[in-house]
Amino acid sequence: MIVSRETSDKLEAFADLLLGENSRQNLISRRTEEEIRVRHIDDSLQLLEHAPVDAYWLDIGSGPGLPGLVLAIAGVRHITLVEPRRLRTEFLEHCRETLALQNVTVITGKVENVVGHFDVVTARAVATLDKLFAMASPLIAPTGRWVLPKGRSAEMELAEARTTWQGDFELKPSRTDPDARILVAQRVRRRTGRK
Ligand SMILES: C[S@@+](CC[C@H](N)C(=O)[O-])C[C@H]1O[C@@H](n2cnc3c(N)ncnc32)[C@H](O)[C@@H]1O
């Protein structure tokens, strides 16, 4: 994805902060440090192809800010990062201040305790689709959209989730990993009348 010089500089600054913090707390696997730009930054950035920047986003289990801080740097209007581990949210707050990201809200806690309504919900490497829908469907606006990066288990997870959830589901290819998929889902609701 092509980004402006200013955005590219901020993404570099974020990558530096993340690599620095990775020696203090385990945020990304050591073997992906050298490929941080593709494996983590571009992998997060590509989600913007599936939902508008001019929206209220929620990133569940943001960890070190993936994808949430990358999306904020790339211009998402407002994004809430929810993450229960305090050491991680201290890092998120530090990045928000250092990179002057006024479009970011950080919540320390579990998503199950968040109150609000969001247009777009994302989560990377947090839980299965079934669990994510159960955790966060009360938080998504009726016209809202889920944009969920998934690994090679995407199709299996979707088949499992469909036994409990109905909606419009589309699996899109990932630009950074040929085995991975991005699930874009709308109008997701729990099936009724199950025996
Ligand atoms: C494997 S990490 C992934 C972090 C980041 N999304 C990434 O791609 O690097 C999963 C994260 O989800 C968080 N998490 C687990 N359960 C959660 C919940 N119920 N609500 C919010 N975050 C949760 C964990 O604390 C952890 O930071």
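Position 1 is the first residue of the sequence; numbering continues from there. Just so you know, these numbers come straight off a predicted model, no measurement behind them. Counting starts at 1 for both ligands and their atoms, following the listed order.
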- Item | Check: P84 N/O within less than 3.5 Å of ligand 1 N/O | no
query: Hey, is ligand 1 close enough to R85 that some N/O pair sits below 3.5 Å?
result: no
Just go through [options] and tell me whose heavy atom is the nearest to [atom].
atom: atom 7 (C) of ligand 1; options: H40, K110, R124; result: R124
atom: atom 2 (S) of ligand 1; options: A125, P149, S62; result: A125
atom: atom 13 (C) of ligand 1; options: E83, K131, E112, R39; result: E83

* Distance-only donor-acceptor check, side chains D177 and S174, under 3.5 Å -> no
Donor-acceptor contact present, side-chain Q25 to main-chain L27, <3.5 Å: no
| message | Closer than 3.5 angstrom, by distance alone: can the side chain of Q166 be matched with the main-chain N or O of R189 as a donor-acceptor pair? | response | no
Hits for side chain to side chain contact (heavy atoms under 4.5 Å, CB included) against H50, two or more places apart or cross-chain, chain-then-number order -> V147, K172, I182, V184
In ligand 1, the atoms that come under 4.0 Å of a heavy atom of R88 are 26 (C), 27 (O)
Counting from 1 in the order shown, the ligand 1 atoms closer than 4.0 Å to a non-hydrogen atom of M135 are 19 (N)
In short, side chain to side chain donor-acceptor pair (under 3.5 Å) pairs touching residues 126-149 with sequence neighbours left out are D130-W165
protein heavy-atom neighbour closest to atom 5 (C) of ligand 1 works out as L66 O, 3.3 Å
